[in-house]
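To start, the structure itself, in structure tokens.
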Amino acid sequence: MLLEVRNLSVYYYTLSGVVKGAENVSFNMDSGEWVTFVGESGSGKSTVAHAVMNLVPSPGKIISGEVIFEGRNILGLRSEDLREIRGKDITMIFQDPMTSLDPLRTIGDQMIEAMKVHGVSDREAMKRAKELLERVNLPEDRLEYYPHQLSGGQRQRVSIAIAMAFRPKLLIADEPTTALDVIVQDSIMDLLDDMKAEGTSIYFVTHDISLAVERSDRIAVMYAGKLVEIGTVEQIVENPLHPYTKALIDAVPDLWSERPVRAIPGYPPDLREPPSGCRFHPRCPLAAEGLCDVEEPELVEVEKWHLAACHFPGGVKNE
Ligand code: SF4
């Protein structure tokens with residue numbers, strides 16, 4: 001097992017109250033596996049991604065749980081041990097590459113610096129930077145460019161080139177294609193596929209479940225800070241157990257069928273005061289009064305590899 005996340009909870013201490021961004025999230029990832037986390041904005045998928053790197057932005061705080069990476073709890077490591085892992089064994093790319101690129105330094109400087117932190121010599125780093133740019137289909141002269149001289153897609157390619165430098169064991173990709181047009185999006189996904197083919201596990205975050213279907217081994221569905229379903233792509237698409245997963249699938253337009261697109265009614269809840277019981281109950285067509293609004297369903301294995309947190313998984317009411 002490469003990664004085991006156990007009972008992870010992350011809260012944001014804002015001026016208007018404590019936002020429960022993720023609560024008791026648990027899952028595993030194997031080496032070379034691609035797991036996509038889907039859900040609406042605020043579902044907690046990016047919060048968990050940052051917590052896996054122990055990089056929750058202020059005013060967030062990891063309040064409990066463990067992130068076991070190759071047998072070591074990332075959340076308990078000293079900062080020098082964390083530095084050794086980040087950027088080498090675990091790397092991250094973001095929706096906006098400018099988040100990680102320095103606007104005042106050339107691409108070459110930044111790529112070389114990222115390698116030197118982990119002990120690569122100047123000469124070797126320059127050689128590798130050229131090779132990495134070639135791998136992401138960018139000409140060598142881009143080493144002399146500043147980030148603002150590149151398009152959004154090119155900047156994301158640079159981020160991926162930096163992430164590829166040490167063949168990481170885990171890449172966390174936080175909505176890396178959301179700001180890009182469809183053609184560029186596809187080429188970025190192909191690069192991530194290449195990394196997976198070389199053995200990197202991919203933790204992919206998106207709000208677009210159709211993107212998840214094409215590339216992932218498993219899909220994890222988050223709602224209001226909770227992991228509500230996880231299973232193989234086939235299980236999630238052909239037999240969604242949680243009404244929220246089903247609603248996400250029904251909300252995807254299908255050009256080749258007459259199936260109507262159904263928007264999910266209502267809005268994600270305010271996580272300062274999440275609903276009692278099942279957090280999805282105010283929007284759920286199956287909600288049972290006196291049960292769903294009172295008792296929180298646990299994430300349980302319904303079939304092999306397929307877990308859901310619902311009192312009526314698959315829509316079956318055992319009353
Ligand atoms: Fe709907 Fe109840 Fe299942 Fe929650 S537990 S998803 S409210 S049926």
Cluster question for you: counting only ILVMFWY and a side-chain heavy-atom cut-off of under 4.5 Å, with indirect links fine, are [X] and [Y] together?
X	Y	answer
Y203	L55	yes
L101	I188	yes
Y11	L271	no
M53	M195	no
I68	V48	no

Side chains of [X] and [Y]: closer than 4.5 Å at any heavy-atom pair?
X	Y	answer
P269	P282	no
I90	R86	no
E23	V10	no
M1	D30	yes
L150	V158	yes
I85	R72	yes
N24	L8	no
I112	K116	yes

If only atom types and distance count, is the side chain of [X] paired as donor or acceptor with the main-chain N or O of [Y] below 3.5 Å?
X	Y	answer
R279	P274	no
N73	V67	yes
E296	C278	no
H281	P275	no
E124	S121	no
S276	V294	no
D293	G290	yes
S216	A212	yes
H311	A287	no

Regarding [X] and [Y], does a basic nitrogen lie under 4.0 Å from an acidic carboxylate oxygen?
X	Y	result
R155	D96	no
K88	E84	yes
R218	E229	no
E134	K130	no
R6	E4	yes
D81	R78	yes
D190	R215	yes

Steps toward side-chain contact (heavy atoms from CB on, under 4.5 Å) verdict (L138, Q154)
CA-CA 8 Å; L138 286 176; Q154 288 175 330; 3.7 Å; yes
Looking only at heavy atoms, which two atoms of [X] and [Y] are closest? And how far apart?
X	Y	result
N7	S26	N-OG, 2.8 Å
Y12	P57	CE2-O, 3.9 Å
V25	G225	CG2-O, 3.8 Å
Q110	P147	NE2-CG, 3.8 Å
G32	S201	N-OG, 2.8 Å
V56	T47	CG2-O, 4.5 Å

For S16, check side-chain contact (heavy atoms from CB on, under 4.5 Å) against everything at least two apart and list the hits.
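For S16, the residues satisfying side-chain contact (heavy atoms from CB on, under 4.5 Å) (neighbours in sequence not counted) are T14, R272.
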Going by salt bridge (charged side-chain N to carboxylate O under 4.0 Å, His left out), E131 matches just one of R135, R128, K127. Which one?
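Only one of R135, R128, K127 forms a salt bridge (charged side-chain N to carboxylate O under 4.0 Å, His left out) with E131, namely K127.
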Could you give the distance from [atom1] ([X]) to [atom2] ([Y]), rounded to the nearest 0.5 Å?
X	Y	atom1	atom2	answer
Q156	I160	CD	CD1	5.5 Å
T200	L192	OG1	CG	10.0 Å
K196	L191	NZ	CG	15.0 Å
L132	M115	CG	CE	5.5 Å
M111	S159	CE	OG	10.0 Å
L3	M29	CG	CE	6.5 Å

ring-ring contact (aromatic ring centres under 6.0 Å, His included) involving F204 - partner list, sequence neighbours excluded:
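F204: ring-ring contact (aromatic ring centres under 6.0 Å, His included) contacts with W34.
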Report yes or no: do [X] and [Y] form a side-chain donor-acceptor pair below 3.5 Å?
X	Y	result
S210	D208	yes
S187	R157	yes
Q235	T232	yes

Test side-chain contact (heavy atoms from CB on, under 4.5 Å), reference I230, set L307, N28, T245, output is L307
Between L75 and I62, is the side-chain contact (heavy atoms from CB on, under 4.5 Å) condition met? List the steps.
CA-CA 9 Å; L75 305 184; I62 297 171; 3.6 Å; yes
Verdict with supporting geometry, D217 and E33, side-chain contact (heavy atoms from CB on, under 4.5 Å):
CA-CA 6 Å; D217 297 305; E33 191 183 25; 3.7 Å; yes
Checking one residue: Y223. Which other hydrophobic residues are in its cluster under the side-chain 4.5 Å linking rule?
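Members alongside Y223: V38, I209, V213, I219, V221, V228, V233, I236, V237, Y244, L248, I249, V252, I264, F280.
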Evaluate the criterion side-chain contact (heavy atoms from CB on, under 4.5 Å) for residue pair R123 and M126; output intermediate values, then yes/no.
CA-CA 5 Å; R123 207 181 139 149; M126 174 56 93; 6.0 Å; no
Can you tell me which residue pairs pass the ring pair (Phe, Tyr, Trp, His ring centres under 6.0 Å) test with a partner in residues 157-182, sequence neighbours excluded?
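Those involving residues 157-182 are H118-F166.
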Sequence neighbours excluded, every pair satisfying ring pair (Phe, Tyr, Trp, His ring centres under 6.0 Å) that has a member inside residues 127-163:
none
Would you tabulate the side-chain donor-acceptor contacts of residues 168-175 under 3.5 Å, counting partners in other chains and residues two or more places apart, or write 'none'?
residue, atom, partner, partner atom, Å
K169, NZ, E70, OE1, 3.2
K169, NZ, E70, OE2, 3.3
D174, OD1, S46, OG, 2.7
D174, OD2, S46, OG, 3.3
E175, OE1, T178, OG1, 2.6
E175, OE1, H207, ND1, 3.0

